[in-house]
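Worth knowing before you read on, the calculation uses all heavy atoms, side chains too, and leaves out hydrogens, waters and symmetry mates. When a ligand or atom number is given, it counts from 1 through the structure's own listing order. The shown structure was predicted, so the numbers you read here are calculated from the model rather than taken from an experiment. When a residue number appears, it is its place in the shown sequence, counting from 1.
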Amino acid sequence: MRELLEGLPKNWGRWGENDEVGALNFLTAAEVLRGVACVRKGKTFTLQVQMGHPKGDPVWPGRHGAQRFNIMDKGDFLCGAGPEFPGNHEFADDVMFLYLQGSTQYDALGHVWYDDQIYNGYDARTTARSLKKASVLPIAERGVVGRGVLIDMARHRGKAVLDKGETFNHFDLMAAAEAQGCKIEKHDILLIRTGLIGSFYERDKNEFYKDFTEPGLTFSRELVTWFHEMEIANLVTDTIANEVTADPETGVVVPLHCALMRNLGVVFTEIVALDALAEDCAADGQWNFLYTAAPLKVVGGSGAPVNPVVLK
Ligand code: UVW
């Protein structure tokens with residue numbers, strides 16, 4: 001990874017030696033108002049996938065989807081195991097076991113690293129047992145609000161869903177934006193649709209996970225420089241890991257996690273449901289909007305579930 005990313009820009013120290021939210025610092029009050037200016041119709045969209053979906057949850061191989069268990073329900077009361085209260089109300093309770101990266105989620109900036117340093121140069125040993133630095137908590141405390149723009153790469157290529165391992169770069173994003181009649185602007189929250197997550201529920205799971213390679217952004221030095229110059233605050237996609245799984249040239253796995261998240265502090269949001277929003281954008285021709293998201297405040301978390309809300 002070091003060799004691949006040698007000489008590329010870093011934002012370490014740019015927002016001070018204690019910074020933990022990286023490129024979200026670009027989302028000033030003026031940027032919030034730039035997003036608000038996109039709200040014209042009163043339409044709202046929620047972008048979280050269902051947790052514990054009956055057809056399974058799309059996850060990075062080795063993780064598991066959310067599992068929810070009833071702790072109390074009518075059955076407990078029928079067999080006399082439910083607690084009795086004056087007035088005799090009954091109730092249902094449940095618990096959930098979930099990977100914090102196993103559903104629609106924000107990654108903490110300390111989620112992925114190489115060379116023993118996480119975002120902003122913090123020692124990777126600060127991740128032991130829980131993230132003491134650059135956890136998801138500061139992102140959750142801050143919230144994410146700004147102007148979002150959706151690039152529908154699948155629609156641009158005339159496909160319902162991009163192929164396994166199909167790549168695209170910043171030139172493709174800009175060409176798609178032009179075809180959509182919109183522009184990716186500095187400080188945008190960049191949403192990219194590949195069709196992958198929407199397709200998951202109807203696909204054979206063996207086929208989906210076989211030779212696991214997602215479609216997505218592919219690493220190049222120019223692409224990293226473009227993200228740096230555009231000062232993109234947040235990358236949001238309908239894939240599990242926001243990039244083509246392995247760089248086709250070198251075989252290096254998730255180089256953009258390192259180049260964008262670890263080095264530039266670009267915040268990643270993954271496994272996002274973008275189909276309904278994309279349909280609406282294609283119908284009304286408006287591809288920009290106010291994007292808002294508040295991941296859960298998980299102390300020490302390397303990620304946290306979220307249900308982003310978009311307003312047009
Ligand atoms: C990895 O950790 C590889 O992916 P994600 O960012 O999806 O959690």
For residues 78-92, dump all side-chain donor-acceptor pairs below 3.5 Å to protein atoms at least two apart in sequence or in another chain.
residue: Glu90; atom: OE1; partner: Lys74; partner atom: NZ; Å: 2.9

Name each donor-acceptor pair under 3.5 Å that joins a side chain in residues 245-258 to protein atoms two or more places apart or in another chain, with its distance.
residue: Thr245; atom: OG1; partner: Glu214; partner atom: N; Å: 2.8
residue: Asp247; atom: OD2; partner: Thr250; partner atom: N; Å: 3.2
residue: Asp247; atom: OD2; partner: Thr250; partner atom: OG1; Å: 2.6
residue: Thr250; atom: OG1; partner: Val252; partner atom: N; Å: 3.2
residue: His257; atom: ND1; partner: Glu243; partner atom: OE2; Å: 2.6
residue: His257; atom: NE2; partner: Glu270; partner atom: OE2; Å: 3.3

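Atoms CD1 and CD1, from Ile189 and Ile184 in turn, are 13.5 Å apart once rounded to the nearest 0.5 Å.
Under the 6.0 Å distance and 45° angle rule, Arg147 does not count as a cation-pi partner of Phe289.
Near ligand 1, Trp60, Arg63, Gln101, Asp107, His111, Ile240, Ala241, His257, Glu270 each place a heavy atom less than 4.0 angstrom from the ligand.
Grouped by direct or indirect side-chain proximity (heavy atoms under 4.5 Å, Ile/Leu/Val/Met/Phe/Trp/Tyr only), Val36 sits with Val32, Val39, Val145, Leu290, Val309, Leu311.
The two atoms that bring Asp152 and Gln180 nearest to each other are N-OE1, 2.8 Å, heavy atoms only.
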